[in-house]
Amino acid sequence: MHAGCGSATIGMFASQRRGLVDEAEVVDDRNACVVSDHHAGKAIEWPPAGIRIVGHRTSPGRYFKVANPGSGWDGTDLEVPLRILGELNPANRAQPGPTLQMATTTGEKFGYYVLDEALEPQAV
């Protein structure tokens with residue numbers, strides 16, 4: 001069952017993720033979202049971890065055009081969700097150690113990562 005777009009999923013589940021991961025992203029065929037930048041994340045004072053995604057930012061935490069349509073993650077052409085990550089560098093507050101959860105709106109596909117010393121996400 002499709003719970004809604006990435007933004008709706010972040011809005012519904014942000015408080016359940018807080019304290020479990022440092023950043024959460026939802027990959028969707030319509031948009032992708034970053035919880036710390038999203039209105040739901042700001043409402044619960046979720047601190048940014050410096051993890052950003054590519055795409056066209058349409059509103060806080062919401063990005064369109066992160067991938068093409070396909071049969072991968074949630075109707076996109078993504079087989080590896082890390083492809084949507086933007087540049088991770090200290091200027092964006094990125095540092096080694098933060099945890100990142102990436103999931104589809106249904107939770108059918110998900111990944112859990114930790115940024116290593118080179119700011120490369122490593123699957124856990």
Side-chain angles (χ1 to χ4, degrees):
M1 180 180 142
H2 199 263
C5 69
S7 182
T9 304
I10 286 286
M12 289 186 285
F13 299 111
S15 62
Q16 288 90 345
R17 304 252 184 313
R18 181 133 194 249
L20 299 176
V21 294
D22 296 307
E23 189 65 89
E25 296 180 0
V26 174
V27 179
D28 180 32
D29 65 337
R30 289 178 287 290
N31 63 59
C33 293
V34 178
V35 71
S36 67
D37 190 33
H38 191 273
H39 292 298
K42 292 188 182 306
I44 59 173
E45 299 178 355
W46 189 306
I51 298 170
R52 299 185 180 190
I53 58 177
V54 298
H56 176 72
R57 186 174 188 254
T58 59
S59 63
R62 297 179 70 207
Y63 297 82
F64 289 160
K65 299 180 182 176
V66 299
N68 295 313
S71 59
W73 276 56
D74 211 23
T76 69
D77 64 347
L78 297 172
E79 294 301 324
V80 177
L82 296 172
R83 196 177 94 198
I84 69 169
L85 292 183
E87 184 178 4
L88 301 173
N89 64 55
N92 295 337
R93 296 188 194 171
Q95 59 185 339
T99 55
L100 167 65
Q101 178 193 40
M102 298 182 86
T104 59
T105 58
T106 61
E108 182 179 350
K109 292 187 179 186
F110 58 90
Y112 181 75
Y113 308 91
V114 175
L115 291 185
D116 67 13
E117 292 296 319
L119 301 180
E120 294 291 327
Q122 301 298 321
V124 178

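Side chains are part of it too, since the values below use all heavy atoms of this structure and drop only hydrogens, waters and symmetry mates.
- Cluster annotation: Val21 is connected to Val26 through the hydrophobic network of ILVMFWY side chains, with a link wherever side-chain heavy atoms come within less than 4.5 Å.
- Leu88 approaches Ala94 most closely through the heavy-atom pair C-CB, 4.1 Å.
- For the pair Ala40 and Gly11, the tightest heavy-atom approach, listed with the atom from each and the gap, is CB-CA, 3.7 Å.
- Side-chain contact, Asp74 with Thr105: a donor N or O sits under 3.5 Å from an acceptor N or O.
- With sequence neighbours excluded, the residues satisfying side-chain contact (heavy atoms from CB on, under 4.5 Å) with Phe110 are Ala103.
- Applying the salt bridge (charged side-chain N to carboxylate O under 4.0 Å, His left out) definition to pairs two or more places apart or across chains, none involves residues 92-109.
- Take Glu87 and apply the side chain to side chain donor-acceptor pair (under 3.5 Å) test, not counting sequence neighbours, and it matches Asn89.
- The side-chain heavy atoms of Val114 and Pro98, taken from C-beta on, include no pair separated by under 4.5 Å.
- Taking Arg17 as the reference, Gln101 meet the side chain to side chain donor-acceptor pair (under 3.5 Å) condition, with sequence neighbours excluded.
- Ser36 and Glu23 make their closest contact through OG-OE1, 2.6 Å (heavy atoms, listed as atom of the first residue, atom of the second, distance).
- Asn31 and Cys33 make their closest contact through OD1-SG, 3.4 Å (heavy atoms, listed as atom of the first residue, atom of the second, distance).
- Connection of Val80 to Ile84 is established within a shared hydrophobic cluster, with ILVMFWY side chains joined at heavy-atom distances below 4.5 Å, either directly or through further cluster members.
- Follow the hydrophobic side-chain contacts under 4.5 Å out from Trp73 and you reach Val34 in the same cluster.
- When the side-chain contact (heavy atoms from CB on, under 4.5 Å) test is applied to Arg57, the partners found at least two apart in sequence or on another chain are Asp37, Pro60, Tyr63.
- In this structure, Leu78 and Ala67 approach most closely via the heavy-atom pair CG-CB, 3.7 Å.
- Rounded to the nearest 0.5 Å, atoms CD1 (Ile10) and NE2 (His38) are 6.5 Å apart.
- Under a hydrophobic-cluster definition in which Ile, Leu, Val, Met, Phe, Trp and Tyr are linked whenever side-chain heavy atoms come within less than 4.5 Å, directly or via other members, Tyr112 and Phe13 are assigned to different clusters.
- A donor-acceptor contact shorter than 3.5 Å is absent between the side chain of Glu25 and the backbone of Leu100.
- In this structure, OG1 on Thr99 lies 13.0 Å from OH on Tyr113, to the nearest 0.5 angstrom.
- Nearest heavy-atom pair, Leu85 versus Pro121, reported as atom, atom and distance to 0.1 Å: CD1-CG, 3.6 Å.
- Using a 4.0 Å cut-off between charged nitrogen and carboxylate oxygen, Asp77 and Arg83 count as a salt-bridge pair.
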Indicate every side-chain donor-acceptor pair of residues 44-54 with a distance under 3.5 Å to a residue at least two apart or in another chain.
from  : atom 1 : to    : atom 2 : distance (Å)
Trp46 : NE1    : Asp22 : O      : 2.8
Arg52 : NH1    : Asn92 : OD1    : 3.4

